[in-house]
Amino acid sequence: MNRICCRWLTLSSLIVCTLAMHSINCARLAAAENNQNVLTLTLRSRTASDSNGDSFRVTFTPAEWRADQTAIIICDMWDKHWCPTASARVAEIAPRIDRFAAACRERGALVVHAPSECMDFYADHAARKRAAAIAKVANLPEGIDTWCKSIPAEEQGKYPIDQSDGGCDAVNPPKSHQAWSRQIDAIKIDENRDYISAVGSEIWSILEDRGIKNVMLCGVHTNMCVLGRPFGLRNMSRFGKNTVLVRDLTDTMYSPKAWPYVNHFRGTHLIVEHIEKYVCSTISSDQLLDEAPFRFKGDVRPRIVIAISEPEYKTDETLPVFAAAALETRLGYDCAVLQGDPQKHQIPGLSDALADADLLLISIRRQALPARDLAAIRRHLAAGKPLVGIRTASHAFDARGKGNEGSAQWPTFDPEVLGGNYTGHFGKTDAPVVSLADGASGHPVLKDVTLPFSSGGSLYKTRPLMKTATPLLMGSIAKAQLEPAAWINVYGKSRIVYTSLGHEDDFKNDSFVRLLANAVQWCLAK
């Protein structure tokens, strides 16, 4: 009897375990399926860092959007534009938008094609009929069928470009006219799932009918249709949708002949900044595609990633201003400023941004970054790409055992990459005096740098440098030996510039600003 009971209990236990394992496996499969239907994004925005709204801090916010509650609206990707250069860029970007839309569609997101003034062409298309068949919802926002030229938040800033000439950057721009009849063929329309509409109330009704809370916009042109159409960023944002611009899948109608007289692609960058400040956040297409962010072939500006994660010297405030004024406006570079959280040992977006970066500039202190980010920095250097470090970069990745699970450190980064020998600093003393190092006269990094000058921060102990390093500037204080304050180094095939300067007050000194800009230029020189 006991044996029978035991056998019965064993068999029962086995059945229970089998059922339990089946339930666990089902749960895992369901979780995996759910994860497939979640869009993991990083939203970029800009928030004022001073009371006057003159300085902005770049912020990155992780987000998870359910794909079935998300729509991508493709704005005015016409078959032909009245401006030939605009038409060429539409053709160039269209295949990437098609791949992005396909990735969204595959995950379960809704795709809306919105080629304005082309609805007659699609009158018999299944996707157009599907859109027209949606009944208008009761909660249509007032103004959803009209252009929106601005929203109240934009009144806080100045519109960044002059587009009053139509924005065509062709050598001999033709007169504006309607050259389009349909969406460009390179972007596929799924007859069974997609919608075609350019009517604000119609698109709003589609979104409400499908339970859409999140909207991604791409297409052209950022400063005109993408912002202002009835289904554009301003309306979607002000009427309550979680709205983002796919910032690398757009273009701007802007000519360098107009104010502020910058490169066409810099003009687009300025509009994207304006949107991030006052309208909505942005994402980049590489977040859903296994590709680097899209870049027009004509956009040959060097791309600089500036990574900031230190709590002492306010470089989260000074470096973005330096990047905008010295690197972007004066030198025409394309800068991505990434601001980390020193307490969390994270710099969101770093590994993705480095994928196509030409130069990395770091202001980081004792961070144990996620292993993928440190691996991306190593890949950047292994590819022979340059690096500029300031101040606490000498101990950027030596977290002294702190950090999160899965993080990585590089305690030998200073001697190995920078060529330095940081052992601390002298503390608060008289302001260090910075002067020319022996034999450094005439070096390009020192062009137009007026010497000597005083530094706002304490003097770092950096000697002796590694044999590969060449000092450019020396720092001195009373009753102490001279310490290298700026030098160049070579790591593999990468040009390296480091300076122990970088205190908040140093950025008020024209000589330091010139030094740092020169360092970037020299590193990028072929």
Side-chain angles (χ1 to χ4, degrees), residues 41-63 157 244-245 247-248 269-270 272-278 280-284 286-287 293 303-329 333-370 372-374 376-377 380 387-397 399 402-404 407 502-504 506-507 513 516 520:
L41 306 172
T42 301
L43 313 186
R44 192 177 83 182
S45 59
R46 296 170 191 264
T47 55
S49 56
D50 62 27
S51 58
N52 298 323
D54 295 328
S55 179
F56 284 80
R57 179 186 178 91
V58 181
T59 60
F60 292 85
T61 305
V244 297
L245 167 71
R247 61 179 177 268
D248 64 325
H269 185 98
L270 291 173
V272 171
E273 282 188 358
H274 177 83
I275 289 168
E276 292 174 342
K277 291 173 183 176
Y278 305 115
C280 66
S281 301
T282 71
I283 63 171
S284 53
D286 59 299
Q287 294 177 23
R303 182 158 292 181
I304 300 169
V305 171
I306 300 176
I308 307 167
S309 192
E310 61 83 20
E312 294 191 11
Y313 299 110
K314 297 185 179 181
T315 52
D316 59 332
E317 298 177 11
T318 55
L319 272 175
V321 174
F322 164 79
L327 301 183
E328 293 179 330
T329 301
Y333 297 157
D334 180 14
C335 296
V337 180
L338 310 181
Q339 292 170 324
D341 186 334
Q343 301 303 317
K344 296 181 179 179
H345 295 266
Q346 293 178 351
I347 306 177
L350 179 56
S351 58
D352 292 336
L354 281 177
D356 64 342
D358 296 301
L359 180 143
L360 173 62
L361 191 160
I362 63 172
S363 176
I364 299 173
R365 181 183 185 275
R366 300 202 183 282
Q367 295 291 285
L369 297 179
R372 67 179 182 277
D373 289 343
L374 210 55
I377 293 174
H380 175 89
L387 180 144
V388 174
I390 69 170
R391 200 66 175 164
T392 56
S394 58
H395 40 292
F397 310 115
K402 297 181 180 179
N404 307 315
S407 63
H503 185 276
E504 178 187 6
D506 290 337
F507 283 89
V513 171
L516 196 54
V520 171

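Since we're looking at a predicted model, the values are computed, not measured. Just so you know, these numbers use all the heavy atoms, side chains as well, and skip hydrogens, waters and symmetry mates.
- Of all heavy-atom pairs spanning Thr392 and Ser363, the tightest one is OG1-C, 4.3 Å.
- Summarising the geometry, atom CG belonging to Leu387 is positioned 6.0 Å from atom NE2 belonging to His380; distances are rounded to the nearest 0.5 Å.
- Contact detail for Gln339 and Pro320: the closest heavy-atom pair is NE2-CG, 3.3 Å.
- In this structure, Ile308 and Ile362 have side chains that are not in contact, with every pair of non-hydrogen atoms separated by 4.5 Å or more.
- A pairwise comparison of heavy atoms in Pro293 and Asp356 identifies O-OD2, 4.1 Å as the closest pair.
- The two residues Leu245 and Cys280 have their closest heavy-atom pair at N-SG, 4.1 Å.
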field: CA sep, side-chain torsions, deciding dist, call: Ser407, Leu369, side-chain contact (heavy atoms from CB on, under 4.5 Å)
entry: CA-CA 5 Å; Ser407 63; Leu369 297 179; over 6 Å; no
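- Rounded to the nearest 0.5 angstrom, Gln343 CD and Ser309 OG are separated by 9.0 Å.
- Between the His395 side chain and the Arg366 main chain, no donor and acceptor come within less than 3.5 Å of each other.
- Between Arg303 and Asp334 there is a salt bridge, since at least one side-chain N of the basic residue sits less than 4.0 Å from a carboxylate O of the acidic one.
- Atom SG of Cys335 sits about 8.0 Å away from atom CZ of Phe322, to the nearest 0.5 Å.
- A salt bridge between Glu276 and Arg46 is present, with a side-chain N of the basic residue lying under 4.0 Å from a carboxylate O of the acidic one.
- No hydrogens or angles considered: a donor-acceptor pair under 3.5 Å links the side chains of Arg247 and Thr282.
- In this structure, Arg44 CZ and Ile275 CD1 are separated by 11.0 Å, a value rounded to the nearest 0.5 Å.
- The minimum heavy-atom distance linking Phe507 with Val513 is given by the pair O-CG2, 3.5 Å.
- Within the 4.5 Å cutoff, the side chain of Thr318 has no heavy atoms near those of the Asp506 side chain.
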query: Can you list the steps and then say if Leu359 with Val305 is a side-chain contact (heavy atoms from CB on, under 4.5 Å)?
result: CA-CA 6 Å; Leu359 180 143; Val305 171; over 6 Å; no
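- Considering CD1 of Ile306 and CG of Leu360, their distance stands at 9.5 Å, rounded to 0.5 Å.
- Remark: Arg391 is positioned above the aromatic ring of Tyr313, its terminal NZ or CZ atom under 6.0 angstrom from the ring centre and at most 45 degrees off the axis.
- Summarising the local packing, NZ of Lys277 is surrounded by more than 12 heavy atoms from other residues, nucleotides or ligands at distances under 6.0 Å.
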task: May I have the step-by-step check of side-chain contact (heavy atoms from CB on, under 4.5 Å) for Thr42 and Ile283, ending in yes or no?
output: CA-CA 6 Å; Thr42 301; Ile283 63 171; over 6 Å; no
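- With 3.5 Å as the limit, one finds a donor-acceptor pair spanning the side chains of Thr59 and Ser45.
- At a threshold of 4.5 Å between non-hydrogen side-chain atoms, the residues Leu43 and Leu41 count as touching.
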message: The test is side-chain contact (heavy atoms from CB on, under 4.5 Å); show your working for Leu354 and Ile377 and say whether it passes.
response: CA-CA 7 Å; Leu354 281 177; Ile377 293 174; 3.7 Å; yes
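- Side-chain contact between Asp358 and Ile304: absent, with no pair of heavy atoms (C-beta onward) separated by less than 4.5 Å.
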Worked verdict on Thr315 versus Glu310 for side-chain hydrogen bond (donor to acceptor under 3.5 Å, both in side chains): CA-CA 7 Å; Thr315 52; Glu310 61 83 20; 2.6 Å; yes
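- The structure places CG of Asp341 at 11.0 Å from CG of Asp316, a figure rounded to the nearest 0.5 Å.
- Contact annotation: the side chain of Gln367 approaches that of Pro342 to within less than 4.5 Å [non-hydrogen atoms, C-beta and beyond].
- In terms of heavy atoms, His345 sits closest to Ala368 at ND1-N, 2.9 Å.
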